[in-house]
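Take a look at the structure set out below.
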Amino acid sequence: MMLKALMVAATGLVFSTVAGAQELVEGQHYERLETPVETVVDEGQIEVTEAFWFGCPHCYRLQSSVTDWYETLEDDVRVVKLPATMGGDWNTHATAFYAAEQLGIEEDLHADFFTAIHEDGQALNDIDDIAAFFANYGVTEDDARDALTSFGVRSDVNSANGRMRDMQLMGVPALIIDGQYLVSPSSAGSLDNMPQIADTLIARIREERAE
């Protein structure tokens, strides 16, 4: 509890540099989606969607900020990771994400997949290379290939593509709050500010629901 309190306090200090005591301004700190997108969380929960691409350096740099922030979120908030699908390596990496989910290893390898690309120089854009990488997490390469080429994973990638279109996402990283508010690096002013602005939007949604 003490650690969580310290993390929340740190979040508050960073956010104070974003907007001070003033309210968040639509079009300045965040954008409102023209058409709200249906969320995939349980009724009563607030969805935080993190749209990313494993090959994106900005998404990689955002990881430390959002990972710390996720630890501070209350039980009424659920994080949904959305791998971006813009063709080519983007779709290959989205396939890797959903295959890892299907195999039950995504949580363990998520950060390592980023690190392998951005620090170790691995492209990880080939099914065989991805299967070999997955083998470090307790699955066989054959099982990994089966997951990577499965109908279920292809369906997940198609669904992710549909959600991206519905959200009208033109780039990543992005945080979409409750299917209605979009926070990007440009709107937030920096990558580190994104979680703090998102946190304030979550508080706003709680207030609106309590009215």
Side-chain angles (χ1 to χ4, degrees), residues 1-53 56 58-84 97 101 106-107 110-111 114 159-160 162-211:
M1 291 298 293
M2 181 177 293
L3 176 61
K4 184 172 183 178
L6 290 171
M7 293 172 72
V8 171
T11 296
L13 288 173
V14 174
F15 180 71
S16 67
T17 68
V18 179
Q22 67 182 359
E23 293 291 327
L24 294 184
V25 177
E26 182 177 335
Q28 179 178 341
H29 300 106
Y30 67 92
E31 301 290 339
R32 186 187 294 269
L33 299 183
E34 290 184 11
T35 303
V37 176
E38 184 176 357
T39 60
V40 297
V41 298
D42 293 337
E43 184 176 356
Q45 287 189 308
I46 299 171
E47 179 182 289
V48 173
T49 300
E50 179 194 342
F52 71 96
W53 171 40
C56 165
H58 299 298
C59 299
Y60 173 59
R61 287 171 49 207
L62 180 64
Q63 292 307 296
S64 59
S65 296
V66 292
T67 300
D68 288 345
W69 176 54
Y70 293 157
E71 293 295 325
T72 73
L73 296 175
E74 300 296 332
D75 292 340
D76 64 341
V77 180
R78 180 186 160 198
V79 176
V80 176
K81 294 184 185 297
L82 179 66
F97 173 84
E101 271 200 338
E106 202 288 319
E107 186 173 345
H110 190 84
F114 267 114
S159 294
R163 289 206 89 199
M164 280 200 65
R165 288 199 307 269
D166 291 343
M167 293 173 178
Q168 298 183 325
L169 293 179
M170 302 301 293
V172 290
L175 297 174
I176 301 88
I177 312 303
D178 200 41
Q180 56 181 318
Y181 301 122
L182 170 65
V183 181
S184 65
S186 58
S187 69
S190 73
L191 292 170
D192 288 340
N193 287 341
M194 290 175 64
Q196 286 73 54
I197 291 177
D199 209 42
T200 302
L201 291 169
I202 289 171
R204 175 187 294 180
I205 292 166
R206 285 198 187 104
E207 292 176 0
E208 291 172 349
R209 291 183 179 183
E211 292 177 355

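To the nearest 0.5 Å, atom CG of residue D199 and atom CE of residue M194 are 13.0 Å apart. Rounded to the nearest 0.5 angstrom, E31 CD and S186 OG are separated by 7.5 Å. Put simply, CD on E74 and CZ on R206 are 6.0 Å apart, with the number rounded to the nearest 0.5 Å. Taken to the nearest 0.5 Å, the OG atom of S65 stands 9.0 Å off from the CG atom of N193. Atom CG of D192 is separated from atom CG of L62 by 8.0 Å, given to the nearest 0.5 angstrom.
Looking only at side-chain heavy atoms (C-beta outward), L24 and R204 come within less than 4.5 Å of each other. Looking at L175 and I197, their side chains never come closer than 4.5 Å, going by heavy atoms from C-beta outward. The closest side-chain heavy-atom distance from P83 to W53 is not below 4.5 Å. Here the side chains of V37 and I176 are not in contact, with every heavy-atom distance at 4.5 Å or above. For the pair H29 and T200, the minimum side-chain heavy-atom distance is 4.5 Å or more. Looking at L182 and S187, their side chains never come closer than 4.5 Å, going by heavy atoms from C-beta outward.
Taking the six-membered ring for Trp and thresholds of 30 and 60 degrees, H110 and F52 have ring planes more than 60 degrees apart, a perpendicular arrangement.
In the displayed structure, E208 atom CD is contacted under 6.0 Å by more than 12 heavy atoms of other residues, nucleotides or ligands. In E26, the CD atom is crowded: over 12 heavy atoms of neighbouring residues, nucleotides or ligands sit closer than 6.0 Å.
Pairing each heavy atom of P173 with each of P185, the nearest pair is O-CD, 3.3 Å. When every heavy atom of L201 is checked against every heavy atom of Y181, the shortest pair comes out as CD1-CB, 3.7 Å. Scanning both residues, V66 and E50, for their nearest heavy atoms gives CG2-OE1, 4.1 Å. Between I202 and W69, the closest heavy-atom pair is CD1-CZ2, 3.7 Å.
When each of V41, T39, V77, V48 is paired with D178, the side chain to side chain contact (heavy atoms under 4.5 Å, CB included) condition holds for T39 and for no other.
No salt bridge links D76 with R209; every basic N to acidic carboxylate O contact stays at or beyond 4.0 Å. Residues R163 and E47 are paired through a salt bridge, judged by an N-O separation under 4.0 Å between the basic side chain and the carboxylate.
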Please evaluate residues I46 and L73 with respect to the criterion side-chain contact (heavy atoms from CB on, under 4.5 Å), reporting the C-alpha separation (whole Å), side-chain torsions for both, the decisive distance (0.1 Å), and the verdict. CA-CA 10 Å; I46 299 171; L73 296 175; over 6 Å; no

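The backbone N or O of C59 sits less than 3.5 Å from a side-chain atom of Q63, completing a donor-acceptor pair.
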